[in-house]
K.L.:
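Starting off with a structure, shown below.
Letters A, B, ... mirror the listed sequences (proteins, then strands); counts begin at 1.
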2 protein chains.
Amino acid sequence: MTDLFPKKGHDHDRCIDSAIAQAEKVCEAENARFTDMRRKVFSLIWQSHKAVTAYELLDALQAEGQRVQPPTVYRALEFLTDLGLVHRIESLNAYFGCDQPDCDHLGQYFICTRCGRVAETVDEDVSIAVRKAAKQVGFKIEATTVEIKGLCHDCTTH
Amino acid sequence: MTDLFPKKGHDHDRCIDSAIAQAEKVCEAENARFTDMRRKVFSLIWQSHKAVTAYELLDALQAEGQRVQPPTVYRALEFLTDLGLVHRIESLNAYFGCDQPDCDHLGQYFICTRCGRVAETVDEDVSIAVRKAAKQVGFKIEATTVEIKGLCHDCTTH
DNA sequence: GGTGATATGTTATAATATATCATTTCTTGA
DNA sequence: TCAAGAAATGATATATTATAACATATCACC
Ligand SMILES: [Zn+2]
Ligand SMILES: [Zn+2]
Ligand SMILES: [Zn+2]
Ligand SMILES: [Zn+2]
């Protein structure tokens with residue numbers, strides 16, 4: 001068993017720094033501008049491993065004294081999700097930071113209903129099973145949403 | 001290849017009648033009341049094989065002259081989804097009728113982006129792969145959302 | 001430095017969902 | 001049968017999530 005979720009006392013600053021570094025790389029590769037606002041929103045999303053809502057981000061920005069409106073947040077989120085730097089959790093209407101933005105992320109999301117954290121995996125067996133199921137019914141896949149709710153390992157044992 | 005989606009010219013009245021008959025059975029078995037409002041909402045959902053939003057249902061009810069408010073629709077939807085007669089498609093904020101309410105529906109949903117129809121499958125291989133992926137990371141599953149968007153067989157060939 | 005493209009600001013509003021309390025309808029058992 | 005309690009619906013208000021439309025600012029490039 002390898003827990004996808006980070007350990008309790010882990011150095012989260014490293015998560016943040018690494019995520020930002022990766023985001024910079026992706027933006028550069030895509031010739032996309034990692035503006036102050038986008039960087040700010042991205043950092044806020046990475047403050048935890050939980051999914052955050054657009055309005056939580058808005059509140060956080062406003063708490064810092066910025067006069068930000070919803071469209072600003074949604075635009076940043078659109079930019080980040082389009083680049084695969086952030087994923088939207090459909091069943092939560094919330095967003096969280098991708099820790100492997102390089103991969104082609106037809107990912108699956110584990111969502112802990114106790115601690116609220118989200119972890120992403122790109123499980124080949126799941127992908128294969130989904131593709132096979134689609135093929136069996138003559139369905140041409142464009143996108144998949146696989147969201148699994150339950151208890152993370154920490155939350156089952158503590 | 002067995003298309004999950006109904007044929008174009010199929011007798012949809014039979015779909016509706018059968019769905020209502022099944023719903024009556026389920027409600028009776030659960031000792032739940034299939035009231036006029038719930039039956040009405042259920043029928044409206046079954047007017048097509050597409051997923052419909054709560055407010056589309058509300059509009060349809062109001063168009064019939066009823067003075068219905070959102071809570072009434074959401075209550076009916078909650079009742080129906082709790083019984084497994086209707087499923088919510090998270091990525092669409094919409095609802096559609098289950099055609100196999102007896103099974104334990106850890107189902108997967110195929111959503112055609114062209115014709116808008118939804119079809120449900122309960123694919124064991126997908127379920128197994130998801131359970132295995134969860135086990136590998138020590139995650140205890142409570143619920144799963146598997147929504148697959150793309151083109152149904154009809155829409156790829158016509 | 002001027003110009004077009006991109007990003008953000010601003011205002012308004014659309015779309016989805018729920019909280020709360022009042023009223024009606026149903027069930028059930030004295 | 002009908003009174004009491006439970007369940008469902010009505011009604012009002014509001015919370016939450018998201019986008020449209022147009023103005024302004026910033027950036028990239030020549
Ligand atoms: Zn971390
Ligand atoms: Zn947890
Ligand atoms: Zn039909
Ligand atoms: Zn189709």
Side-chain angles (χ1 to χ4, degrees), chain A residues 23-24 27-45 50-83 85-96 111 116 145 147, chain B residues 23-24 27-28 30-45 50-83 85-96 116 145 147:
Chain A
E24 276 168 348
C27 287
E28 195 172 352
E30 299 287 336
N31 198 29
R33 287 164 52 194
F34 200 41
T35 63
D36 285 351
M37 182 56 74
R38 290 162 178 174
R39 177 185 302 264
K40 186 71 219 171
V41 169
F42 187 71
S43 302
L44 284 171
I45 290 172
K50 301 180 187 180
V52 296
T53 68
Y55 278 78
E56 284 169 353
L57 293 167
L58 182 63
D59 289 346
L61 288 166
Q62 289 176 340
E64 295 179 357
Q66 311 207 39
R67 228 163 278 136
V68 182
Q69 301 309 127
T72 300
V73 175
Y74 280 101
R75 283 170 187 146
L77 287 171
E78 186 184 19
F79 172 87
L80 295 167
T81 51
D82 283 354
L83 280 182
L85 296 171
V86 161
H87 298 308
R88 174 180 162 83
I89 306 296
E90 299 290 349
S91 61
L92 297 177
N93 297 330
Y95 305 81
F96 92 111
I111 303 157
T145 300
E147 297 174 1
Chain B
E24 277 168 347
C27 286
E28 194 173 352
E30 299 288 336
N31 199 28
R33 286 163 55 194
F34 200 40
T35 62
D36 285 351
M37 181 58 72
R38 290 163 177 172
R39 178 185 300 263
K40 185 72 218 171
V41 168
F42 187 70
S43 302
L44 284 170
I45 290 173
K50 301 180 187 181
V52 296
T53 68
Y55 279 77
E56 285 169 353
L57 294 167
L58 182 62
D59 289 347
L61 288 166
Q62 289 176 340
E64 296 180 356
Q66 311 207 37
R67 229 165 280 140
V68 182
Q69 300 310 126
T72 300
V73 174
Y74 280 101
R75 283 171 188 145
L77 287 171
E78 185 185 18
F79 172 87
L80 294 167
T81 51
D82 283 354
L83 280 183
L85 298 170
V86 162
H87 298 307
R88 173 179 163 84
I89 306 296
E90 298 290 350
S91 60
L92 297 178
N93 297 330
Y95 305 81
F96 93 110
T145 300
E147 297 175 1

K.L.:
Once you apply a heavy-atom cut-off of 4.0 Å, does A:Phe34 come out as touching a base, just sugar-phosphate, or nothing?
P.N.:
nothing
K.L.:
Of B:Asn93 and B:Thr35, whose closest DNA chain D nucleotide lies nearer the 5' terminus?
P.N.:
B:Thr35
K.L.:
Starting from C1' on D:dT17, measure out to OH on B:Tyr74 and report it in whole angstrom.
P.N.:
11 Å
K.L.:
Bend across the helix from C:dG1-D:dC30 to C:dA30-D:dT1, to 10°, with axes taken over 5 pairs at each end?
P.N.:
30°
K.L.:
Measure the CZ-OG1 distance between B:Arg75 and B:Thr35 for me, rounded to the nearest 0.5 Å.
P.N.:
11.5 Å
K.L.:
So which nucleotide from D:dT9, D:dT12, C:dA17 ends up closest to the side chain of B:Arg88?
P.N.:
C:dA17
K.L.:
Roughly how far apart are A:Ser43 OG and A:Leu57 CG, rounded to 0.5 Å?
P.N.:
11.0 Å
K.L.:
Is there side-chain contact between A:Ile111 and A:Ile89, with heavy atoms separated by less than 4.5 Å?
P.N.:
yes
K.L.:
Measure CZ/A:Arg67 against P/C:dT10 and give the value in whole Å, please.
P.N.:
7 Å
K.L.:
For nucleotides 20-30 of chain D, give me one character per nucleotide, 5' to 3': B if any protein heavy atom sits under 4.0 Å from the base, S if the only such contacts are to the sugar-phosphate, - if neither.
P.N.:
BB-----S---
K.L.:
C:dT16 phosphate, OP1 or OP2: any side-chain N/O from A:Tyr55 under 4.0 angstrom?
P.N.:
no
K.L.:
Using 0.5 Å steps for rounding, measure from the OG1 atom of B:Thr72 to the CG atom of B:Leu61.
P.N.:
8.5 Å
K.L.:
Taking 4.0 Å as the cut-off, does a side-chain nitrogen or oxygen of A:Thr72 come that near to OP1 or OP2 on C:dT8?
P.N.:
no
K.L.:
What are the two closest non-hydrogen atoms of A:Glu56 and A:Ala51, and how far apart are they?
P.N.:
OE1-O, 4.4 Å
K.L.:
Could you check B:Pro70 against A:Ala76 and say which one's nearest nucleotide on DNA chain C is further toward the 5' end?
P.N.:
A:Ala76
K.L.:
Nearest heavy atom decides the nucleotide; on that basis, is B:Val68 or A:Leu92 closer to the 5' end of DNA chain D?
P.N.:
B:Val68
K.L.:
Going by the salt bridge (Lys or Arg N to Asp or Glu O under 4.0 Å) test, name the single residue among B:Arg33, B:Arg38, B:Arg39 that passes it with B:Glu24.
P.N.:
B:Arg39
K.L.:
Tell me the interatomic distance from B:Leu77, atom CG, to D:dA8, atom P, rounded to whole angstroms.
P.N.:
15 Å
K.L.:
Tell me: CG of A:Asp59 to P of D:dA15, nearest whole Å?
P.N.:
13 Å
K.L.:
Looking at B:Arg88 and B:Asn93, what are the two nearest heavy atoms and their distance?
P.N.:
NH2-OD1, 2.8 Å
K.L.:
Quickly work out the B:Glu78 CD to C:dA19 C1' distance and round it to whole Å.
P.N.:
13 Å
K.L.:
For the CD atom of B:Glu64 and the CG atom of B:Asp59, what is their distance to the nearest 0.5 Å?
P.N.:
11.5 Å
K.L.:
Would you mind reading off the distance between B:Leu57 atom CG and D:dT9 atom C1', rounded to a whole angstrom?
P.N.:
17 Å
K.L.:
What residues form a ring pair (Phe, Tyr, Trp, His ring centres under 6.0 Å) with B:Tyr95, not counting sequence neighbours?
P.N.:
none
K.L.:
Over 60° means perpendicular and under 30° means parallel, so classify the ring planes of A:His87 and A:Phe96, tilted if in between.
P.N.:
tilted
K.L.:
Taking CD from A:Gln69 and P from C:dA14, how many angstroms apart are they, rounded to a whole number?
P.N.:
18 Å
K.L.:
Report yes if a side-chain nitrogen or oxygen of A:Arg38 is closer than 4.0 Å to either non-bridging phosphate oxygen (OP1 or OP2) of C:dA7; otherwise report no.
P.N.:
yes
K.L.:
Rounded to the Å, how far apart are A:Leu80 CG and C:dA7 P?
P.N.:
12 Å
